[in-house]
Amino acid sequence: MRVPAEARVDLGAIGHNIGVLRRHAGGAEVMAMVKAEAYGHGLVEAARAALAGGASWLGVAKLAEALRLRDAGLTVRTLVCLGVPGEPYEEAVARGVDMTVGAVWLLEEIVRAAERAGREARIHLKADTGMSRGGARGAGWEALVDAALKAEATGHVRVAGVMSHFACADEPGHPSIAAQVGAFTEMVAHAEKAGARFEVRHIANSAAALTLPEARFDLVRPGIATYGLTPVPSLGEFGLRPAMTLVADAALVKRVPAGSGVSYGHTYHTERETTLAVVPVGYGDGIPRQGSNVLEVLAGGRRRTIAGRVCMDQFVVDLGDDPFAAGDEIILFGPGDRGEPTAREWAEALGTISYEIVTRIGARVPRAYPGGGL
Ligand SMILES: Cc1ncc(COP(=O)(O)O)c(C=O)c1O
């Protein structure tokens, strides 16, 4: 069936990108971060592609995402990074999902869940080394380590890992980077002195995995680089290949006279008689409305700027006198091979990051896997 728009995901590119990351990771294992629908690429398919490429762990933000991976038959080690009170931790334990624990209340909930499940829970302690988001620091870290080791002694919990997260790894030389590596090293040493025997210590996101050998530890957790988008634009592309190409077929093509106001608010007027094409995706599909009169797309072999406002379901491009017909394909962004913009270019034009461009492409846009899924 023909669809008005689709996000084509090159699973081979995901495998290639994991290969690039593994080469940078030295001997460290790779946890592919597949949270938020694998940054919009499709949770299960992207996870399979990352594993085929050599990732040996999966990382998600929410427990529900991990359970979907289990439902799909993926039994690989999977870490949930964000827990809130009252989630079904018993199911997490029963299904062998690793949980990140940055607070004693969560540890206590998981211990109770492990008791009920009659099975040991695997946890990773989260150290706040300077991001001031999740995790424990100072006296809170000491208390968390102490409580976790006591729980481990009862046999309900295995303290399998210790982790943290960088605030500024995408800004090479930022003083917080060395400070966070130093704090992590000290916090890990404190826990090990107290008796912790970690299987994996991890702090590196994509930027750190690609640029900071001292931050690799036992495992790296790349997200954006898995999908082929550079985490540090100032340092280039690292040989990564963008996996997502967003395409739409023109819904309608028509000639309009000079001086026609286009779309809501008439923020664009045709300069002369011209051909307009209606592209059937809008902000309801995740196309940023701030992209009105700003973002470029590839239509009829040439770049064209979106003409007028992006609407909920559609936007317009002005093709001048070039031949174009309803049903002809427009490439919104992709790897750039055919002259189309990249997600990075869209992000830079809007003052945001490529993460947001690919992740926000909505559920109404089907994901397609040319060459088949894995
Ligand atoms: C805990 C954690 N680890 C790793 C990542 C991956 O980050 P990136 O996409 O920058 O590689 C994220 C994403 O924000 C995260 O929250």
Give a yes or no on whether the backbone of H165 and the side-chain of Q180 come within a donor-acceptor separation of less than 3.5 Å. yes
Show the numbers, then the answer: is there a side chain to side chain contact (heavy atoms under 4.5 Å, CB included) between I224 and S354? CA-CA 8 Å; I224 197 69; S354 58; 4.0 Å; yes
Is it true that E296 and R304 make a salt bridge, defined as a side-chain N closer than 4.0 Å to a carboxylate O? no
According to salt bridge (Lys or Arg N to Asp or Glu O under 4.0 Å), does anything in residues 29-40 pair up with another residue at least two apart or in another chain? List the pairs. E37-R68
One thing to verify: whether R302 and D322 come together as a salt bridge, which I'm taking to mean a side-chain N less than 4.0 angstrom from a carboxylate O. yes
Full working for side chain to side chain contact (heavy atoms under 4.5 Å, CB included) between L246 and V365: CA-CA 9 Å; L246 183 63; V365 179; 3.9 Å; yes
Do V294 and Y268 belong to the same hydrophobic cluster, where Ile, Leu, Val, Met, Phe, Trp and Tyr are linked whenever their side-chain heavy atoms lie under 4.5 Å apart, directly or via other members? no
Side chain to side chain contact (heavy atoms under 4.5 Å, CB included), that's the test. Do I357 and L350 meet it? Break it down for me. CA-CA 10 Å; I357 300 298; L350 296 175; 4.1 Å; yes
Contact list for residues 55-97, test ring pair (Phe, Tyr, Trp, His ring centres under 6.0 Å), sequence neighbours left out: W57-H124
The salt bridge (Lys or Arg N to Asp or Glu O under 4.0 Å) partners of K62 (sequence neighbours excluded) come to none
With sequence neighbours left out, which residue pairs that include part of residues 179-200 fulfil the salt bridge (Lys or Arg N to Asp or Glu O under 4.0 Å) condition? R77-E199
Are L235 and T211 packed together at the side-chain level, in the sense that at least one heavy-atom pair is separated by less than 4.5 angstrom? yes
N/O donor-acceptor pair under 3.5 Å between E109 side chain and G86 backbone: yes
Whether T275 side chain and K254 backbone form a donor-acceptor pair below 3.5 Å: no
For S206 and A225, work out which heavy atoms get closest and say how close. OG-N, 3.1 Å
Could you state whether V247 and V316 fall into the same hydrophobic cluster, counting links through intermediate Ile, Leu, Val, Met, Phe, Trp or Tyr residues with side-chain heavy atoms under 4.5 angstrom apart? no
Closest non-hydrogen contact found for N205 with A169 is OD1-CB, 3.6 Å
A127 to M187 - nearest heavy-atom pair and separation: CB-CE, 3.7 Å
Quick one: does any side-chain atom of T274 pair with a main-chain N or O of T270 as donor and acceptor, under 3.5 Å? no
Please report the shortest heavy-atom distance between A248 and V279, naming the atom on each side. CB-CG1, 3.8 Å
same_hphob_cluster(V34, M244) at 4.5 Å side-chain heavy-atom cutoff: yes
All pairs passing salt bridge (Lys or Arg N to Asp or Glu O under 4.0 Å) where residues 157-180 contributes a residue, at least two apart: E152-R158
Could you measure the distance from the CG atom of L240 to the CG atom of L229? Nearest 0.5 Å is fine. 8.0 Å
Report yes if some heavy atom in the side chain of V101 is under 4.5 Å from a heavy atom in the side chain of L144; otherwise report no. yes
Sequence neighbours left out, what passes salt bridge (Lys or Arg N to Asp or Glu O under 4.0 Å) with R309? Give chain and number order. none
Ignoring hydrogens and angles, write down the donor-acceptor pairs under 3.5 Å from the side chains of residues 323-336, residues two or more places apart or on other chains.
{"residue": "D328", "atom": "OD2", "partner": "A325", "partner atom": "N", "Å": "2.9"}
{"residue": "E329", "atom": "OE1", "partner": "R8", "partner atom": "NH1", "Å": "3.3"}
{"residue": "E329", "atom": "OE1", "partner": "R8", "partner atom": "NH2", "Å": "3.0"}

In terms of hydrophobic clusters joined by side-chain contacts under 4.5 Å, are L82 and M99 together? no
Write out all pairs satisfying salt bridge (Lys or Arg N to Asp or Glu O under 4.0 Å) with one or both partners inside residues 213-222, taking only residues at least two apart or from two chains. R201-D218
So, using ring-ring contact (aromatic ring centres under 6.0 Å, His included) as the criterion, who are the partners of H266 when residues are at least two apart? H269
Please find the pair of heavy atoms, one from A204 and one from A209, that lie closest to each other, and give the distance. CB-N, 3.9 Å
Decide whether T129 and R137 meet the rule of one side-chain donor and one side-chain acceptor closer than 3.5 Å. no
Is there a side-chain contact between W105 and P85 (heavy atoms, below 4.5 Å)? yes
With the side chain counted from C-beta on, respond yes when W141 and L125 share a heavy-atom pair under 4.5 Å apart, and no when they do not. yes
Under a 3.5 Å distance rule, please check whether E65 uses its side chain to pair with a backbone N or O of A36 as donor and acceptor. yes
So, does D128 use its side chain to make a donor-acceptor pair with the main chain of G135 at under 3.5 Å? no
Decide, yes or no, whether a salt bridge links D318 with R272 under the criterion of side-chain N to carboxylate O below 4.0 Å. no
Any donor-acceptor pair under 3.5 Å from R70 side chain to G96 backbone: yes
Note, L69 side chain near L43 side chain (heavy atom, < 4.5 Å): yes
Output, in order, the C-alpha distance, side-chain angles, deciding distance and verdict of side chain to side chain contact (heavy atoms under 4.5 Å, CB included) for R95 and D71. CA-CA 10 Å; R95 302 186 79 183; D71 289 344; 2.7 Å; yes
Is the backbone N or O of G239 less than 3.5 Å from a side-chain atom of H16, with the two atoms forming a donor-acceptor pair by type? yes
side-chain hydrogen bond (donor to acceptor under 3.5 Å, both in side chains) contacts in which one or both residues fall within residues 236-245, not counting sequence neighbours: E237-R344
Nearest 0.5 Å please: distance from the OG atom of S292 over to the OH atom of Y264. 12.0 Å
Tell me, do T78 and D98 make a side-chain contact under 4.5 Å, heavy atoms counted? no
Looking only at heavy atoms, what is the nearest atom pair of L298 and G339, with distance? CD1-O, 3.8 Å
Under the ring pair (Phe, Tyr, Trp, His ring centres under 6.0 Å) rule, what pairs show up with a residue in residues 221-253, not counting sequence neighbours? Y39-Y227, H41-Y227
Given side chain to side chain donor-acceptor pair (under 3.5 Å), test T226 with N17 step by step and report yes or no. CA-CA 5 Å; T226 300; N17 297 327; over 6 Å; no
With a 3.5 Å distance limit and no angle check, can you tell me whether T359 reaches the backbone of E356 through a side-chain donor-acceptor pair? no
State whether the side chain of R367 and the backbone N or O of G40 hold a donor-acceptor pair below 3.5 Å, judged by distance alone. yes
How far does CZ of R289 sit from CZ of F315, to the nearest 0.5 angstrom? 14.5 Å
Does any non-hydrogen side-chain atom of C81 lie less than 4.5 Å from one of M33? yes
For a 4.5 angstrom cut-off between non-hydrogen side-chain atoms, does H190 reach E142? yes
Let me check something: do I18 and V358 share a hydrophobic cluster, defined by ILVMFWY side-chain heavy atoms less than 4.5 Å apart, either directly or through other members? no
Applying salt bridge (Lys or Arg N to Asp or Glu O under 4.0 Å) to E115 and not counting sequence neighbours gives none
Could you tell me whether D285 and R360 make a salt bridge, using a distance below 4.0 angstrom between a side-chain N and a carboxylate O? no
